[in-house]
Amino acid sequence: MHGLVSRDLLRDRTVFVSGGGSGVNLAIAKACASVGANLVICGRTEEKLRAATNELEGCGAQAAYAVADVRDPGAVAAALAVAADRFGPIDALVCGAAGNFLAPAERISSNGFRAVMDIDLLGSFHCAHAAFEQLRQTRGTILFVSGGQSQMPFLHQVHVAAAKAGVDQLMRSLALEWGPYGIRSNSIVPGPVNGTEGMRRLAESATEEVWAEMVPLGRFAEPEEIGTMAAVLISPLAAYVNGAQVVVDGGMAMSGSSA
Ligand code: HXC
């Protein structure tokens, strides 16, 4: 977390992160942990979750995990119940769990398209739906992790573009519908981020240099740069931000379609 941010920014608040075992989602969890939040992460792989929970505790947080595939609404509800039992109703939900692979549209099977829609879009809905009552009690907030594909098509990402566009409209719909309960909904749109599974998958078709050329700032983000902005959006500093898609991509969205 950036040194200028108060160590108490999220003191004693509880943040639940789906897909929090790795990548950008873990960076978001760590940023929240380092400014006082309690963390609960969920994902499919217990080993990854256990290691990530240790990292979060290393940031000074109280942390817990629950194994859950966001495609399973019962498992998601159980994971949120684990969070409430441990820390009380959550203050923030980060919908980060996502699936991705590069494939030309004509080669994606119905099941392949559906797998990404189910994880990214339906999974985000399952999390928000299951967290509603807790967030209503805390007047909490939801942060969806979207992608640049939601606005600007990327080659061989038709399934992800459709899913992420859906995630952003889910976000805007909840901002409208749950705003009156004091629940803010926003999305963060990371550009290319160093060391993540997403970039490993997408970089198959282009080198890091090609990607970096598409970013006006000329470099990838560090995971902490996404984490810091997410923590600020979750915090009271963003108390009047609702229904916003916050792009943190070094200006890439202005530079045209991707490789
Ligand atoms: C074509 C593919 C494929 C590929 C899988 N499928 N990979 N089709 N090309 N490379 C098809 C399979 O053939 C199958 O269809 C269907 O997808 C489901 O595959 P499974 O492996 O059975 O599903 P599952 O185990 O549930 O895996 C889901 C997944 C997988 C999305 C396919 O990649 C996954 O679990 N990913 C999670 C991790 C991840 O992707 N992280 C990166 C997210 S980052 P058939 O018809 O054969 O049954 C991110 C940010 C991007 O999204 C940042 C952009 C700037």
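Counting starts at 1 for both ligands and their atoms, following the listed order.
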Evaluating non-hydrogen atoms only, which member of [options] is closest to [atom]?
atom                    : options                : result
atom 17 (O) of ligand 1 : G198, S146, G112       : G112
atom 49 (C) of ligand 1 : I108, N25, N100, V24   : N100
atom 43 (C) of ligand 1 : S109, P192, A98, G23   : A98
atom 14 (C) of ligand 1 : V189, V145, N111, D120 : N111

Protein heavy-atom contact under 4.0 Å for [atom]?
atom                    : answer
atom 7 (N) of ligand 1  : yes
atom 22 (O) of ligand 1 : no
atom 39 (C) of ligand 1 : yes
atom 29 (C) of ligand 1 : no

Give me the residue, atom name and distance of the protein heavy atom closest to [atom].
atom                    : result
atom 54 (C) of ligand 1 : L202 CD1, 3.3 Å
atom 27 (O) of ligand 1 : R44 NH1, 4.2 Å
atom 26 (O) of ligand 1 : R71 NH1, 2.8 Å
atom 41 (N) of ligand 1 : E197 CG, 3.7 Å
atom 33 (O) of ligand 1 : R201 NH1, 2.8 Å
atom 4 (C) of ligand 1  : F101 CD1, 3.2 Å
atom 19 (O) of ligand 1 : A115 CB, 4.9 Å
atom 31 (C) of ligand 1 : G99 CA, 3.7 Å

Do any N or O atoms from the side chain of [X] and from the backbone of [Y] form a donor-acceptor pair under 3.5 angstrom?
X    : Y    : answer
D72  : A75  : yes
S235 : L10  : no
D8   : R11  : no
R172 : S185 : no
D120 : G99  : yes
R44  : V67  : no

Less than 4.0 angstrom from a charged side-chain N to a carboxylate O is my criterion; do E225 and R219 meet it?
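A salt bridge is present here (some side-chain N lies under 4.0 Å from a carboxylate O).
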One thing to verify: whether R200 and E197 come together as a salt bridge, which I'm taking to mean a side-chain N less than 4.0 angstrom from a carboxylate O.
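So E197 pairs with R200 through a salt bridge.
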Strictly under 6.0 Å, is that where the ring centroids of H159 and F101 end up?
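Under 6.0 Å, so yes.
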Which atom pair, heavy atoms only, marks the closest approach of Q149 to N100?
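Scanning both residues completely, I find the closest heavy atoms to be NE2-ND2, 4.2 Å.
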Using 30° and 60° as the class limits, which term best fits the ring planes of Y181 and F132: parallel, tilted or perpendicular?
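Rings of Y181 and F132: perpendicular, as their planes differ by over 60°.
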Those atoms of ligand 1 less than 4.0 Å from some heavy atom in A103:
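Matching atoms, with element in brackets: 1 (C), 9 (N).
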